[in-house]
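The sequence lines fix the lettering, A, B, ..., with proteins before strands; numbering per chain opens at 1.
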Number of protein chains: 2
Amino acid sequence: MAQVRPMRADARRNYERLLKVAAEAFAEHGEGASLDDIAKRAGVGSGTLYRHFPTRHALLEAAYLDRIEAIAARADELAAELPPGEALGEWLYELGAGMVRMRGLRALLGPAVTQTGSTVATACGDSVKSAAGRLVRAAQEEGTLRRDVEPVDVLRLAHGVSTAAELADGEGEHIRRYLTLLTEGLRP
Amino acid sequence: MAQVRPMRADARRNYERLLKVAAEAFAEHGEGASLDDIAKRAGVGSGTLYRHFPTRHALLEAAYLDRIEAIAARADELAAELPPGEALGEWLYELGAGMVRMRGLRALLGPAVTQTGSTVATACGDSVKSAAGRLVRAAQEEGTLRRDVEPVDVLRLAHGVSTAAELADGEGEHIRRYLTLLTEGLRP
DNA sequence: CACGAACCGGAGCCCCTCTCCGCACCTTAT
DNA sequence: ATAAGGTGCGGAGAGGGGCTCCGGTTCGTG
């Protein structure tokens with residue numbers, strides 16, 4: 001994976017700047033942010049952008065890779081601090097809030113994480129999936145989560161809740177509320 | 001609202017064809033379907049399309065108006081046939097399945113139905129909102145729905161569930177399952 | 001310092017959106 | 001039926017974004 005030969009200094013510089021600018025642009029304008037505009041804001045030509053990142057998706061993935069790994073790592077932190085059920089709930093909240101705050105993140109994680117037989121199963125999708133898997137299994141052992149749900153179902157529903165919360169425009173408030181409704185059910 | 005003078009025959013013909021073709025295109029390609037392509041498939045110039053429907057949103061709304069009214073009417077049918085709780089559940093299922101089948105419908109209903117202080121509160125959004133309101137109130141009277149949810153919350157969550165189900169690519173199966181999880185809650 | 005390779009960047013092509021206006025067709029009155 | 005008028009048609013074209021290609025520049029190395 002790592003280049004056999006280290007990147008040239010100017011190439012590396014441009015690569016880093018593109019990632020930084022892209023993360024901002026995708027957070028602000030969502031998946032559809034203008035790529036030429038990202039290149040311009042990073043001070044490079046569009047050719048440079050497309051050489052480093054052949055597709056829009058490649059750029060999106062690279063721009064959010066660190067945050068996705070942080071999310072996956074956060075799962076283990078929470079698992080160590082809280083009982084399994086609460087750890088899962090809190091993790092889903094942080095995941096959902098992140099997807100509302102960084103709009104491109106939801107566009108990226110949606111397909112990457114929730115499609116089962118995906119031909120383009122991305123590495124970042126896998127790490128989130130396995131993190132979710134650990135929390136889900138633990139909560140099921142503990143008896144605070146139904147046994148008939150798979151990790152992928154939980155991730156899809158988190159995605160849906162984050163979509164619902166964004167419709168309400170609200171920041172964290174609605175996410176928390178809708179996650180509670182999902183957890184407890186709509187019945188009294 | 002109705003034209004004081006009836007539309008010219010050719011205008012009316014083009015208008016109808018555009019609606020028909022647009023509904024197909026939006027169902028297939030989602031909100032972002034190519035407008036020039038719709039015009040071409042309807043056998044008219046793009047100027048004609050933009051005169052009848054100044055914005056993409058206007059066309060989307062007009063294309064699905066009849067279906068939205070059918071959905072609203074269906075609420076009363078179900079309310080007459082089933083106990084309130086079941087009527088709400090079945091209605092949400094049909095609504096969600098419709099949004100998966102006709103992808104443009106979700107893009108239209110999302111903002112129209114779920115934004116509270118919307119400045120562009122559309123007429124079709126209102127009819128769905130009031131239909132949901134009747135079902136929700138009835139179910140709360142009956143005691144099968146939490147009293148701390150508003151109709152708009154239920155609609156947003158239905159939207160989210162439909163998004164979640166589409167990620168699973170499945171047709172009706174996943175919608176039904178995820179609605180059940182939402183109703184009963186994730187706890188055992 | 002000089003050479004070759006790696007990398008840059010923007011000109012250019014294609015597709016989509018949306019506007020504008022000369023022309024064709026429909027309606028209505030005679 | 002026919003002519004007058006005005007309504008509606010349609011496609012050319014401007015504007016903008018996505019993506020490619022290749023001449024020129026910059027970097028690393030002997």
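Across the protein-nucleic acid pair, Leu35(B) atom CG and dC15(C) atom C1' stand 13 Å apart, rounded to whole Å. Look at CG on Asp37(A): it is 13 Å from P on dG16(D), rounded to the nearest Å. Rounding to whole angstrom units, CG of residue Leu49(A) and C1' of dT20(D) are separated by 13 Å. Taking atom CG of residue Asp36(B) and atom C1' of nucleotide dC18(C), one finds them 8 Å apart after rounding to whole Å. Remark: P of dA11(C) and NZ of Lys40(A) are 11 Å apart, rounded to the nearest angstrom.
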Donor-acceptor contacts under 3.5 Å from residues 83-93 of chain A side chains, at least two apart:
| from | atom 1 | to | atom 2 | distance (Å) |
| --- | --- | --- | --- | --- |
| Glu90(A) | OE1 | Arg176(A) | NH2 | 3.2 |
| Trp91(A) | NE1 | Ile71(A) | O | 2.9 |

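Comparing dT17(C), dT27(C), dC19(D) by their closest approach to the side chain of Ala9(B) singles out dT27(C).
With sequence neighbours excluded, the residues that form a side chain to side chain contact (heavy atoms under 4.5 Å, CB included) with Ser34(B) are Asp36(B), Asp37(B). Remark: Arg12(B) pairs with Glu16(B) by the salt bridge (charged side-chain N to carboxylate O under 4.0 Å, His left out) rule, at least two apart or across chains.
A continuous path of ILVMFWY side-chain contacts below 4.5 Å connects Val161(B) to Val149(B), so both sit in one hydrophobic cluster.
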Notebook entry, point to check: Just by protein heavy atoms under 4.0 Å, how would nucleotides 3-12 of chain D read 5' to 3' in B, S and -?
Noted result: ---BBSBBBB
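The side chain to side chain donor-acceptor pair (under 3.5 Å) pairs that include a residue from residues 74-83 of chain B are Arg74(B)-Glu77(B), Arg74(B)-Glu94(B), Asp76(B)-Arg134(B), where partners are two or more places apart or lie in different chains.
Between Ser34(B) and dC15(C), a side-chain N or O to OP1/OP2 separation shorter than 4.0 Å is absent. In this model, the phosphate group of dC19(D) is approached by a side-chain N or O of Tyr50(A) to a distance below 4.0 Å at OP1 or OP2.
Side-chain atoms of Arg146(A) do not come within 3.5 Å of backbone N or O of Gln140(A) as any donor-acceptor pair. Checking side-chain atoms of Thr183(A) against main-chain N and O of Leu179(A) turns up a donor-acceptor pair under 3.5 Å.
Between atom CZ of residue Arg17(A) and atom OG1 of residue Thr48(A) there is a gap of 12.0 Å, rounded to the nearest 0.5 Å. Expressed to the nearest 0.5 Å, how far CG of Leu59(B) lies from OH of Tyr64(B) amounts to 9.5 Å.
Each of Pro54(B) and Arg13(B) was matched to the nucleotide of DNA chain C holding its nearest heavy atom; the match closer to the 5' end belongs to Pro54(B).
Using a 4.0 Å cut-off on heavy atoms, none of the residues of residues 25-32 of chain A approach DNA chain D.
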